[in-house]
Amino acid sequence: MDAQSTFVHPTALVETGATLGANVRIGPFCHVGSEVMLGDDVALMSHVSVTGPTVLGAGCTVHPHAVLGGAPQNTAYKGEPTKLVIGRNVTIREGVTMHRGTGNARGETVVGDDCMFLAYSHVAHDCVIGQRVTFANNVMIGGHVTIGDHVIVGGGGAIHQFCTIGNNAFIGGLTGVAHDVIPYGLAMGSRAYLSGLNLVGLKRSGMDRADITAIRHAYRDLFADNGRSVRENAEGLVDAYAGIEPVQQMARFVLDGAKRHLTTPLSGADARRAENHAG
């Protein structure tokens with residue numbers, strides 16, 4: 001520890017063996033375990049607990065009462081050495097919890113760079129979260145969830161274990177996701193259904209207008225009521241939209257998850273009921 005640049009409040013407990021980078025700030029009543037590694041410019045504001053083999057990348061800010069690196073909430077876990085790895089410039093707000101992996105699975109939970117986790121959100125064991133992901137307040141995700149880059153999950157959203165959420169998807173507030181969500185998808189409802197594409201997110205991302213138009217057409221083709229399955233339609237997208245990478249990404253997501261269920265649009269009476277409820 002570089003005493004010239006790192007500050008540890010007198011009421012904080014930093015166990016022997018912890019590794020602290022330059023310009024780390026550890027506030028009142030924090031607890032940093034012996035196997036923790038804090039990168040440069042990490043700030044633990046107060047009453048933060050970081051335990052287990054846990055890595056926080058440079059520039060992370062952790063707000064009061066967050067608990068990072070706790071043992072997984074899984075009866076199969078028998079104390080094996082597992083990890084939590086958090087990327088750079090991640091903002092972790094009050095009361096957030098993130099757990100390490102399990103010994104009989106991935107063995108680590110991974111959070112990418114530049115993410116934001118609002119108050120009381122939860123990341124379970126063995127999850128993999130991409131870059132620039134935002135969880136609003138009280139978001140809960142089960143174990144083994146994979147979340148792509150630039151995903152936003154609205155307040156109170158819940159994602160079932162083993163689900164995969166594609167890049168640039170948007171999950172609405174209070175939405176329960178039980179099946180995979182395609183890249184660029186907009187999932188809504190207490191039991192998630194696709195209500196279209198995350199067009200606002202796509203426009204904000206700076207994506208080329210022609211690519212956005214292609215994605216919109218591909219979405220209609222993917223879920224067309226043409227007597228073919230969604231995966232058969234995805235196979236058609238590969239040739240029909242050759243060279244258009246965002247559409248190819250959507251098609252690969254569907255085809256690579258051949259054994260998983262997909263969140264799909266509502267149809268018939270269900271769609272009319274959802275439309276009336278929204279109105």
Side-chain angles (χ1 to χ4, degrees), residues 1-74 76-103 105-135 137-141 143 147:
M1 181 174 70
D2 183 355
Q4 298 287 326
S5 61
T6 292
F7 171 78
V8 179
H9 192 276
T11 61
L13 172 61
V14 178
E15 295 183 10
T16 301
T19 303
L20 309 185
N23 199 37
V24 168
R25 294 291 182 266
I26 299 178
F29 303 104
C30 291
H31 174 212
V32 178
S34 62
E35 299 178 278
V36 170
M37 298 179 64
L38 304 181
D40 297 346
D41 302 304
V42 167
L44 310 183
M45 297 184 68
S46 73
H47 298 84
V48 173
S49 177
V50 187
T51 61
T54 295
V55 177
L56 271 75
C60 290
T61 300
V62 187
H63 288 248
H65 303 290
V67 180
L68 308 177
Q73 296 177 138
N74 187 325
Y77 180 67
K78 305 302 180 185
E80 302 90 344
T82 58
K83 294 182 180 180
L84 168 64
V85 180
I86 299 172
R88 301 167 61 91
N89 302 315
V90 175
T91 298
I92 298 171
R93 294 302 303 257
E94 298 84 356
V96 169
T97 51
M98 297 184 182
H99 291 164
R100 305 192 311 273
T102 54
R106 184 185 303 278
E108 64 180 11
T109 302
V110 178
V111 175
D113 298 341
D114 301 303
C115 294
M116 178 174 284
F117 298 88
L118 302 191
Y120 304 104
S121 55
H122 173 66
V123 178
H125 59 87
D126 301 291
C127 291
V128 177
I129 296 177
Q131 300 185 49
R132 297 187 180 276
V133 170
T134 299
F135 282 12
N137 297 63
N138 300 299
V139 167
M140 305 165 286
I141 66 173
I147 294 183

- Query: Once you round to the nearest 0.5 Å, how far does CG of D40 lie from SG of C60?
  - Reply: 11.5 Å
- Item | Residue pair V8 / L20, side-chain heavy-atom distance below 4.5 Å | yes
- Query: Okay, side chain of R88, backbone of D113: is any donor-acceptor separation there less than 3.5 Å?
  - Reply: no
- Message: Test your reading of the model: is there a side-chain donor-acceptor pair from E108 to the backbone of K83, 3.5 Å cut-off?
- Response: no
- Pairwise distance CD1(I141) to CE(M98) - rounded to 0.5 angstrom: 8.5 Å
- Got a donor-acceptor contact below 3.5 angstrom from the S121 side chain to the V139 backbone? no
- State, to 0.1 Å, how close A12 and G27 come at their nearest heavy-atom pair, and which atoms those are. CB-O, 3.5 Å
- Message: Assess the residue pair H99 and H122 against the criterion (side chain to side chain contact (heavy atoms under 4.5 Å, CB included)); give the C-alpha distance rounded to whole Å, side-chain angles, the decisive distance to 0.1 Å, and a yes or no.
- Response: CA-CA 8 Å; H99 291 164; H122 173 66; 3.6 Å; yes
- Message: Going by side chain to side chain contact (heavy atoms under 4.5 Å, CB included), L68 matches just one of T51, L44, I92, T97. Which one?
- Response: I92
- Atom CZ of R132: over 12 foreign heavy atoms under 6.0 Å: no
- Message: Less than 3.5 Å apart, any donor N or O on the side chain of D41 or N23 sitting next to an acceptor on the other?
- Response: yes
- Message: Quick check for you: to the nearest 0.5 Å, what is the distance between N137 atom CG and F117 atom CZ?
- Response: 13.0 Å
- State the CD1-CD1 distance between I147 and I129, to the nearest 0.5 angstrom. 5.0 Å
- Message: So which atom in R100 and which in P72 form the shortest heavy-atom distance, rounded to 0.1 Å?
- Response: O-CB, 3.6 Å
- Task: Give a yes or no on whether the backbone of T102 and the side-chain of D126 come within a donor-acceptor separation of less than 3.5 Å.
- Result: yes
- Item | Residue list, ring pair (Phe, Tyr, Trp, His ring centres under 6.0 Å) with H63, at least two apart or on another chain | none
- Calculate, to the nearest 0.5 Å, the distance between atoms CG and CD1 belonging to L56 and I86 respectively. 4.0 Å
- The reported gap from CD1 in I26 to CG in L38 (rounded to nearest 0.5 angstrom) is 5.5 Å
- Note on the structure: Looking only at heavy atoms, the pair that brings S5 and A22 closest together is OG-CA, 3.8 Å
- Message: Within the 3.5 Å criterion, strictly below it, is a donor on R93 or Y120 matched to an acceptor on the partner's side chain?
- Response: no
- Please name the pair of heavy atoms, one in Y77 and one in G103, separated by the smallest distance, quoted to 0.1 Å. CD1-N, 4.2 Å
- Message: Testing the 3.5 Å rule here: is there a donor-acceptor pair between the side chains of H125 and T109?
- Response: no
- Please confirm whether the backbone N or O of C30 pairs with a side-chain atom of S46, one donor and one acceptor, at under 3.5 Å? no
- Message: For a quick test of reading the model, state the closest non-hydrogen atom pair linking C115 to G130 and the distance between them.
- Response: SG-O, 3.1 Å
- Task: Of all the heavy-atom pairs spanning T82 and G101, show the shortest one and how long it is.
- Result: OG1-O, 2.8 Å
- Message: Per the ring-ring contact (aromatic ring centres under 6.0 Å, His included) rule, what does the pair list look like for residues 33-59, sequence neighbours excluded?
- Response: F29-H47, H47-H65
- Taken in chain and number order and not counting sequence neighbours, the residues that satisfy ring pair (Phe, Tyr, Trp, His ring centres under 6.0 Å) with H31 are none
